[in-house]
There are 2 protein chains.
Amino acid sequence: MTAAKRANVTLKDVATAVGISQSAVSMALSDHPRISETTKEAVRAAAARLGYVPNSAGRALRAGRSTSIAVVVPNTGQHVFGHPYFMHLLVGVTAEANARDAALMVSTNPDETHGVAAYERVLRSQAASGAIIASASISDRNVNRMVEAALPVVLVGRFVHLPHAASVGIDEIAGAAAITRHLVEDHGLTRIAHISGPLDHQTAVDRYEGFRGALAASGRPCTHTLAVGDFSEESGRAAARQVLDSMTDLQAIFAANDEMAYGAMLEIRSRGLRIPEDIALAGYDDFGVSRLTTPGITTIHVPAEALGRKAADILFDLLDGTAPDPVHTVLPFDLVIRESCGPHSG
Amino acid sequence: MTAAKRANVTLKDVATAVGISQSAVSMALSDHPRISETTKEAVRAAAARLGYVPNSAGRALRAGRSTSIAVVVPNTGQHVFGHPYFMHLLVGVTAEANARDAALMVSTNPDETHGVAAYERVLRSQAASGAIIASASISDRNVNRMVEAALPVVLVGRFVHLPHAASVGIDEIAGAAAITRHLVEDHGLTRIAHISGPLDHQTAVDRYEGFRGALAASGRPCTHTLAVGDFSEESGRAAARQVLDSMTDLQAIFAANDEMAYGAMLEIRSRGLRIPEDIALAGYDDFGVSRLTTPGITTIHVPAEALGRKAADILFDLLDGTAPDPVHTVLPFDLVIRESCGPHSG
DNA sequence: ATCAGGTGCTCTAACGTTTCAGCGCCATGG
DNA sequence: CCATGGCGCTGAAACGTTAGAGCACCTGAT
């Protein structure tokens with residue numbers, strides 16, 4: 001069926017096929033009350049037969065806005081974009097976009113070709129009518145510009161400098177605090193190292209703060225140290241090396257994400273130490289792989305897919321002119337207890 | 001800078017700012033030789049000052065094609081789209097698209113809203129001018145339709161029913177054969193089970209065929225059995241359970257992807273068997289996680305990012321009217337030997 | 001018979017872009 | 001002094017869509 005030789009089928013083609021004007025076809029397809037049911041039937045039949053699909057450029061031009069939304073992820077460096085977090089986020093956004101018949105663009109190029117970052121151009125060119133920004137770097141000035149220009153964007157994560165921009169996230173401070181309390185209170189560990197992410201990422205800062213806050217609040221005499229990584233496995237290993245060397249009688253390592261926890265695991269093992277008997281280990285994120293290691297890593301489950309869904313949901317509201325009710329939506333997280341901190345107990 | 005109140009800056013705005021016609025502005029910005037250097041300077045200055053960004057709908061409408069390309073991934077079921085394979089592919093495609101200043105759409109909804117799958121609409125509506133299709137299911141009729149309609153698409157993988165469509169892939173049969181030979185010839189194992197993927201996936205079929213072919217060609221008396229999984233960890237575990245129960249003196253398991261290999265690893269371990277001493281284990285894909293297990297899993301490295309790059313490259317050629325030189329581009333793979341098949345040796 | 005109002009369509013304009021023919025102008029050559 | 005032609009720009013048209021004004025026809029009421 002649907003011969004569709006080479007040229008594309010337009011309203012005009014359907015119109016001549018039915019023998020009416022193209023505006024009538026347009027109105028018929030949008031179920032306008034002023035078009036007779038008979039004509040509508042005929043139009044729908046002809047459209048289906050010819051394989052008519054509305055041209056999105058024509059439609060977007062006329063409407064003054066496209067039906068696509070964009071997801072902006074930090075730069076091409078694959079250890080960032082390639083992170084499972086973004087994939088989960090994408091799955092969520094996709095689901096919501098599909099439900100609304102909206103197309104999804106993915107934009108990732110931060111370098112400024114004509115004075116504007118590629119992803120900002122996507123909005124300014126109206127290729128997409130709104131964007132979900134998952135760039136975590138505090139220092140990305142382009143994000144500020146987009147927010148200041150009142151472009152419809154939803155941020156994923158916490159952007160302290162942009163208190164008025166709609167955002168979706170989890171309470172990272174509470175998450176880190178929860179896992180820290182698990183180490184201190186459930187397992188009685190008091191000599192703990194934290195491997196943080198780069199401290200120009202709000203996420204890394206918040207997790208570190210949650211860690212320190214929980215230690216301080218515990219009321220027990222705890223000793224802690226910090227090593228900074230970059231969320232990669234390699235950096236986690238290096239950081240673990242550093243803290244294992246520098247802190248005597250280290251009892252636990254809490255890495256700011258699971259990948260660094262893997263790196264730490266390798267380093268701990270390579271020294272002949274056992275997990276959790278000699279060193280307890282905790283991570284953060286739970287993007288599917290932490291359960292595969294032996295022992296499974298105790299971690300905070302970040303509901304990335306739900307974040308994506310919610311972000312898209314809010315963005316579509318924004319595009320409809322509805323202001324998000326809480327400007328900052330906070331989703332719940334889960335503490336997932338596996339074996340890396342010690343035997344289960346209350 | 002860049003006040004950009006609410007309305008968008010168009011050619012006309014730049015034109016009135018400079019005091020010339022909008023056509024002149026258009027020509028100036030595209031560096032047309034018939035426009036004086038002085039005027040060009042003035043136009044560029046005004047455009048930058050006003051923050052002019054060409055409206056993509058207007059441009060696409062005029063040009064008759066958009067500057068976006070689409071990546072089509074199989075349906076929303078997250079264990080499919082969320083697979084690391086697609087992330088790596090996406091990274092590659094993104095890199096290439098960025099290099100050409102093209103926007104990237106991601107489409108995944110197969111259900112037919114108006115008689116056409118969502119991702120086919122993306123092409124027919126000219127929201128994207130070409131697509132990279134990474135859907136592996138043999139039975140997806142929509143893919144056939146798109147190819148038959150001569151829409152510009154590049155397939156990733158092997159589509160035996162579509163010999164004339166441009167495609168990019170690796171030689172899965174050779175890959176599976178290589179890893180099978182590693183088991184048989186390097187480690188002298190002769191009682192081997194294969195855990196395949198669903199056999200309506202060409203990839204699964206090819207890997208199984210490579211396995212059998214290598215066994216047959218080995219000239220040694222080998223015994224093998226098959227269990228079918230669905231590429232998920234759980235199914236891998238179930239399949240391993242099945243083959244461990246049914247085949248006595250089983251020496252090795254070759255899973256058609258790493259995730260099923262993980263599942264198999266869990267099952268093997270739960271029976272108190274050791275890897276590789278009691279059972280050798282091999283996987284396929286090497287998407288970054290197989291090196292984290294202990295022992296690391298011997299596998300075939302699939303260059304997914306390179307596949308994405310190459311696919312995009314070919315698609316852009318296609319859009320320029322250049323026919324891909326080999327219709328089917330085959331990229332090399334690597335056999336990655338870790339510890340799961342036994343001690344390293346020649 | 002005339003008019004009001006409704007019905008079902010057509011016509012026109014507009015969205016922002018690019019392309020192309022054309023027009024006025026100046027310098028040059030006859 | 002008039003043709004020639006290059007230069008630098010203008011104006012119009014077209015891409016496909018949709019909204020709204022308008023027009024022809026019909027029905028029913030006056």
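Numbered from 1 within each chain, the chains take letters A, B, ... in sequence-line order.
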In whole angstroms, how far is the [atom2] atom of [N] from the [atom1] atom of [X]?
{"X": "A/Leu61", "N": "D/dC15", "atom1": "CG", "atom2": "P", "value": "14 Å"}
{"X": "B/Asn55", "N": "D/dT17", "atom1": "CG", "atom2": "P", "value": "16 Å"}
{"X": "A/Gln22", "N": "C/dC11", "atom1": "CD", "atom2": "P", "value": "10 Å"}

| note | Per atom distances to the B/Thr10 side chain, the nearest of C/dT18, C/dG16, C/dC11 is C/dG16
| field | Closest nucleotide among C/dC15, D/dT17, D/dA12 to the A/Pro54 side chain | value | D/dT17
| request: Please list, chain by chain and in numerical order, all residues satisfying salt bridge (Lys or Arg N to Asp or Glu O under 4.0 Å) with A/Glu148, sequence neighbours excluded. | output: none
| query | Counting only non-hydrogen atoms, which of residues 25-43 of chain B are less than 4.0 Å from DNA chain C? | reply | B/Ser26, B/Met27, B/Arg34
| Sugar-phosphate, base or nothing in reach of B/Leu11, heavy atoms under 4.0 Å | base
| task | Have a look at A/Ile20 and say if it touches a base, only the backbone sugar-phosphate, or nothing, with a 4.0 Å heavy-atom cut-off. | result | sugar-phosphate
Pairs under 3.5 angstrom, nitrogen or oxygen only, protein versus nucleotides 4-6 of chain D, please.
none

| task | For residues 28-41 of chain B, pull every pair meeting side-chain hydrogen bond (donor to acceptor under 3.5 Å, both in side chains), keeping only residues two or more places apart or in separate chains. | result | B/Asp31-B/Lys40, B/Ser36-B/Thr39, B/Glu37-B/Arg44
| query | Is there a donor and acceptor pair, one atom on the side chain of A/Arg62 and one on the base of D/dT18, closer than 3.5 Å? | reply | yes
| query | Between the base of D/dC9 and the side chain of B/Ser21, is there a donor-acceptor distance below 3.5 Å? | reply | no
Return yes if some donor-acceptor pair links the side-chain N/O of [X] with the main-chain N/O of [Y] below 3.5 Å, else return no.
{"X": "A/Thr108", "Y": "A/Val72", "result": "no"}
{"X": "A/Thr329", "Y": "A/Gly169", "result": "no"}
{"X": "B/Arg100", "Y": "B/Ala312", "result": "no"}
{"X": "B/Ser125", "Y": "A/Pro54", "result": "no"}
{"X": "B/Ser167", "Y": "B/His328", "result": "no"}
{"X": "A/Arg124", "Y": "B/Gly51", "result": "no"}
{"X": "A/Asn55", "Y": "A/Ala57", "result": "yes"}

| request: List for me each residue that meets side chain to side chain donor-acceptor pair (under 3.5 Å) alongside A/Asp13, sequence neighbours excluded, and say none if there are none. | output: none
| task | Please figure out whether B/Ala24 or B/Gln126 has its closest DNA chain D nucleotide nearer the 5' end. | result | B/Ala24
| the helix from C/dA1-D/dT30 to C/dG30-D/dC1: angle between end helix axes, five pairs per end, rounded to 10 degrees | 70°
| said: Less than 4.5 Å apart, side chain to side chain, heavy atoms only: is that true for A/Val43 and A/Ile20? | reply: yes
